[in-house]
Structures are given as structure tokens and as C-alpha cells.
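Beneath this line is the structure, given in C-alpha cells, with notes to follow.
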Amino acid sequence: MLNIPDEQLKLTIRPGRSQLGEIGIHLDIAQDLRTQAQLQAREFKSLKQFKPENSNVSTALRILQANLVNRLYRGVQQDLQKMNILEGPNHSQMAYEVFQDYPALVCDDDSFCRRSSLKIQRTLLNIGQLRQAYPVTAELSELEAVLQELDQDADARVLRKTLLQLGRSVSFASYLKMKQQFVEEWVDTQKKQHCNADFNPLNDDELSGMMKALIQQKKQLVANHEVMRYKDQQFFRYFNSVSHDVLNTQSIQFWKTEENRESFLRFIMAIRSSFQETTPFFVFRFENSFTYLLCGFSDEDILSALEGNRDVVMPHAKIILRQSNQVYRELTVKDSGNQTLYFNCLKEAMKLFVLQLNHHLQIDLPPAFLRLFEI
């Protein structure tokens with residue numbers, strides 16, 4: 001068994017297979033850290049059940065999950081329970097949940113009164129944080145005063161009418177606008193550490209153009225094909241949020257045989273064992289190239305394994321493309337796209353990376369696996 005040197009978290013080759021037939025990496029994590037991380041992973045899973053219309057709220061959750069995975073890899077156990085907190089100006093803090101719109105529930109009068117009381121108290125806490133973050137507005141002060149004077153012991157019918165009117169008020173609309181400003185500013189601050197990403201898949205015409213560009217790049221790299229590790233991993237954080245659809249150990253569609261899939265697992269593990277850093281993923285590139293190879297373990301798979309108390313994590317790889325406008329894009333294709341052309345682009349883009357890493361790291365990959373990348 002090949003161990004990765006780290007005090008808290010190890011990802012190791014798991015001999016054989018689990019009963020589910022998964023080919024993956026054994027997640028060996030200290031029990032106290034695992035317990036805390038499981039609770040947080042389950043909370044993130046429950047949050048993902050309600051998909052917000054606001055793209056900034058969705059992005060915020062993806063970033064928070066990445067922050068949790070980073071914390072795990074550093075072996076930091078403090079304050080894992082606060083991983084869903086967004087920190088704003090002047091030391092203000094708001095939990096991710098307050099930005100989500102949950103579906104309305106049908107409940108009896110007693111339950112409605114209890115839930116309304118909790119919502120009122122939560123809104124007052126949010127107003128306090130918004131006061132701390134931004135200059136106080138008249139509308140915010142007005143809403144705060146109304147909520148403080150609200151008779152929470154009133155008849156449920158009266159309380160329903162009052163809250164309905166309040167929800168339509170200018171002061172409440174101003175409160176929602178300030179909440180939106182808070183999450184937008186938090187996401188913008190986090191994005192400054194990341195690349196400018198385009199998540200749109202490529203259409204067939206773009207795939208054809210990409211194939212020509214990859215062939216031309218290969219010709220240019222023949223004389224200078226020294227593979228380099230890109231150290232600023234946070235820059236590509238967005239692309240590691242979920243696993244690749246086919247370049248993983250769970251799918252066999254791209255690899256064609258189980259032996260090739262297992263060779264891919266060896267490839268990922270050899271990369272991990274060659275570097276001292278314990279990190280969820282690595283990024284490689286060639287000088288003057290526009291393609292990057294990201295390989296490792298997606299945030300979603302790591303947290304899913306923890307949430308389900310499973311020990312196997314699925315490795316994956318992705319090809320990231322740097323476009324002329326310095327926007328980064330994953331090599332993906334629409335569901336209706338040309339799958340053969342898509343697979344050929346993946347093979348062409350990965351080929352030099354696989355060959356050079358196999359040579360430099362002395363992985364000794366089987367010839368059959370290397371031939372897989374021939375078109």
C-alpha cells in the first residue's frame with residue numbers, strides 16, 4: 001500500500017475493490033476530524049437540495065465546499081462548524097442559509113407562530129450584521145423598528161396578515177437588496193483568487209477548431225515539452241468542484257477496459273506520491289501551451305464520501321483551456337455533441353501530459369494504456 005506522508009489526511013491505494021465495485025482511493029482520516037467533517041458535509045448536502053435562482057448564492061456554496069476541503073487537507077480542525085459562514089465588511093458575518101429561499105410550508109397555527117418567531121429573530125440578527133457591514137439606511141432602521149415592535153403573541157390570522165404586508169413593503173425590499181449586495185461582494189472577493197472561468201460546453205464547430213489547435217500545439221511542443229506543475233492551485237478551484245463525466249475511475253466509457261481504468265488510478269497515485277504537498281488536486285502545463293491538466297479528487301466526491309461514511313474516493317482528470325481573452329474553459333461538450341470528436345480532443349490534449357509525466361515520474365504505465373491516447 002502506497003502512503004502519502006501527512007499527519008491528518010492520507011489518500012492511499014486501496015488494494016482490490018469495495019463491494020460496490022468502485023475503483024478509487026482509500027480515504028484515511030483521523031476520526032475526530034472525520035466526525036466534524038461528516039457533519040459539515042451532510043449540512044452542505046442538505047443545502048444543495050434547494051437550488052437558488054441567484055447564481056451568486058450557488059457560487060458561494062461551491063466556494064464554501066472548496067474551503068472545507070482545503071481545511072481538511074491542511075489538517076485544521078478548528079471551527080469546521082463555521083465553514084458555512086460568509087464574512088463581510090467590518091467583521092460582519094452571515095450564514096449561507098440566510099441567502100437561500102426555502103419553499104413555503106403548510107402548517108397549523110401554532111407551528112406558524114413558532115416558525116414566524118424564529119424568522120423574526122433571525123431577520124433581526126441579519127439586520128444587525130448588515131448594520132455592521134454598511135452605512136445604516138432609513139429603510140433598514142424602519143424594518144428593524146417594525147420587527148422589534150411586532151406582537152409575536154398575536155392571533156395567527158393577524159400575524160399572517162401583518163407579515164404578508166411587511167413582505168411587500170419598501171423597507172423589506174431594501175433589506176433583501178442589502179443581503180444580495182453582501183453575498184455579491186463576498187463572491188467577488190473570493191473570485192479574485194480564481195481564474196476567469198467560462199463553464200459553457202463546446203459545440204461541434206468549437207470542438208473541430210479545438211482539435212486543429214491541439215494538433216498545432218503538439219507540433220510546437222515537440223522541441224520543448226518539459227511539463228511543469230502549476231503551483232497556484234486556488235486559481236483553478238472552480239474546475240475541481242465536481243468530477244469529470246468520463247475521465248474518472250467510476251466510468252469505463254472512455255477507458256474501454258478495466259485494465260486501462262486501473263492504469264489511470266496508478267497514474268493519479270504516482271503523481272500524488274511524487275510531491276510532498278497533500279492537496280486535493282494538481283495542475284500541470286507546458287511552457288507556452290494553452291492546455292492544463294487538472295487531476296486529483298473533486299470536492300464533491302470527497303465530501304460525498306465523508307457524508308456517506310464511505311472510504312473510497314473517485315480520482316478524476318480535467319483538461320482546462322486558456323482562451324485568447326485569458327478566460328479559462330473546461331474541455332466539455334454538449335449532450336448532443338459529437339462524442340467521438342470529444343473523446344479525440346481529450347486524447348490529443350492529454351497525450352503529452354501522460355507521456356511526459358510517465359517518463360519524468362517513472363510511473364512505468366503499460367503500453368496498452370499509452371496506446372489509448374493514439375488517435
Would a distance-only check, ignoring hydrogens and angles, find a side-chain to backbone donor-acceptor pair under 3.5 Å from [X] to [Y]?
X: His244; Y: His316; value: no
X: Gln129; Y: Ser92; value: no
X: Arg266; Y: Arg261; value: no
X: Ser116; Y: Cys113; value: no
X: Gln132; Y: Asn90; value: yes
X: Gln65; Y: Glu300; value: no
X: Asp204; Y: Asn338; value: yes
X: Gln36; Y: Leu33; value: no

Exercise: identify the closest heavy-atom pair between [X] and [Y]:
X: Arg285; Y: Arg322; result: NH2-NH1, 4.0 Å
X: Arg310; Y: Ser304; result: NH2-OG, 3.1 Å
X: Ile63; Y: Gln190; result: CD1-CB, 3.7 Å
X: Leu365; Y: Ser263; result: CD2-O, 3.7 Å
X: Gln100; Y: Val57; result: CG-CG1, 4.3 Å

What I'd like to find out is whether the side chain of [X] reaches to under 4.5 Å of the side chain of [Y], using heavy atoms alone.
X: Glu43; Y: Tyr96; answer: no
X: Glu287; Y: Glu226; answer: no
X: Ile302; Y: Leu68; answer: no
X: Met210; Y: Leu321; answer: yes
X: Met314; Y: Thr249; answer: yes
X: Leu80; Y: Leu39; answer: no
X: Leu86; Y: Phe99; answer: yes
X: Gln216; Y: Lys212; answer: no

Check: [X]/[Y] side-chain N/O donor and acceptor closer than 3.5 Å:
X: Arg114; Y: Ser111; result: yes
X: Ser141; Y: Arg131; result: yes
X: Gln181; Y: Glu185; result: yes
X: Asn248; Y: Ser251; result: no
X: Gln326; Y: Asn196; result: no

Single-linkage hydrophobic cluster, 4.5 Å side-chain cutoff, [X] and [Y] together:
X: Ile375; Y: Phe369; answer: yes
X: Trp186; Y: Leu176; answer: yes
X: Ile85; Y: Val187; answer: no
X: Ile215; Y: Phe290; answer: yes
X: Leu130; Y: Leu125; answer: no

Got a sec: does the CG of Asp335 have more than 12 other heavy atoms crowding it under 6.0 Å?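 Count not over threshold, so no.
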So with a 6.0 Å cut-off around NZ of Lys48, is the heavy-atom count from everything else above 12?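 Counting neighbours around NZ of Lys48, more than 12 heavy atoms of other residues, nucleotides or ligands fall under 6.0 Å, so yes.
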Once salt bridge (charged side-chain N to carboxylate O under 4.0 Å, His left out) is applied, do any residues pair with [X], and if so which ones, sequence neighbours excluded?
X: Lys45; value: Glu307
X: Arg115; value: none
X: Glu139; value: none

For [X], give me all partners under ring-ring contact (aromatic ring centres under 6.0 Å, His included), at least two apart in sequence or on another chain.
X: Phe353; value: Phe286
X: Tyr175; value: Phe172
X: Tyr292; value: Tyr230, Phe236, Tyr328
X: Tyr238; value: His194

Which ring-ring contact (aromatic ring centres under 6.0 Å, His included) pairs, counting each pair once, include a residue from residues 196-222, with sequence neighbours left out?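 Qualifying pairs, neighbours excluded: Phe199-Phe239.
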Let me confirm one number: the [atom1]-[atom2] distance from [X] to [Y], rounded to the nearest 0.5 Å.
X: Gln362; Y: Ser274; atom1: CD; atom2: OG; value: 9.0 Å
X: Arg122; Y: Met94; atom1: CZ; atom2: CE; value: 9.0 Å
X: Leu265; Y: Glu262; atom1: CG; atom2: CD; value: 7.5 Å
X: Asp151; Y: Thr162; atom1: CG; atom2: OG1; value: 9.0 Å
X: Ile120; Y: Leu159; atom1: CD1; atom2: CG; value: 6.0 Å
X: Leu372; Y: Leu346; atom1: CG; atom2: CG; value: 10.5 Å

Testing Ile319, Ile320, Thr291 one by one against Leu331 for a side chain to side chain contact (heavy atoms under 4.5 Å, CB included), which residue passes?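 Exactly one option meets the side chain to side chain contact (heavy atoms under 4.5 Å, CB included) with Leu331, and it is Ile319.
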By side-chain contact (heavy atoms from CB on, under 4.5 Å) - contacts of Gln180 (at least two apart):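 So Gln180 forms a side-chain contact (heavy atoms from CB on, under 4.5 Å) with Asn54, Glu184.
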Who pairs with Thr257 by side-chain contact (heavy atoms from CB on, under 4.5 Å), at least two apart in sequence or on another chain?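 Scan of Thr257 (side-chain contact (heavy atoms from CB on, under 4.5 Å), adjacent residues dropped) gives Glu259, Asn260.
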Arg237 and Asp299 ion-paired at < 4.0 Å: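 Between Asp299 and Arg237 there is a salt bridge, with a charged N closer than 4.0 Å to a carboxylate O.
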Ring-plane angle category for Phe373 and Trp255, please: parallel below 30°, perpendicular beyond 60°, tilted otherwise.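 Because their plane-to-plane angle is over 60°, the rings of Phe373 and Trp255 count as perpendicular.
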Between Tyr134 and Phe182, how do the two ring planes meet: parallel, tilted or perpendicular, split at 30° and 60°?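 Tyr134 and Phe182: perpendicular rings.
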With sequence neighbours left out, which residue pairs that include part of residues 364-375 fulfil the side chain to side chain donor-acceptor pair (under 3.5 Å) condition?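 Qualifying pairs, neighbours excluded: Lys351-Glu374.
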Under the side chain to side chain donor-acceptor pair (under 3.5 Å) test, which residues partner Asp198, sequence neighbours left out?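 Counting only residues at least two positions away or on another chain, Asp198 forms a side chain to side chain donor-acceptor pair (under 3.5 Å) with Asn200.
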For ring pair (Phe, Tyr, Trp, His ring centres under 6.0 Å), just list the numbers for Phe343 and Phe254, CA-CA rounded to whole Å, side-chain angles, deciding distance to a tenth of an Å, and then say yes or no. CA-CA 7 Å; Phe343 281 12; Phe254 179 84; 5.3 Å; yes
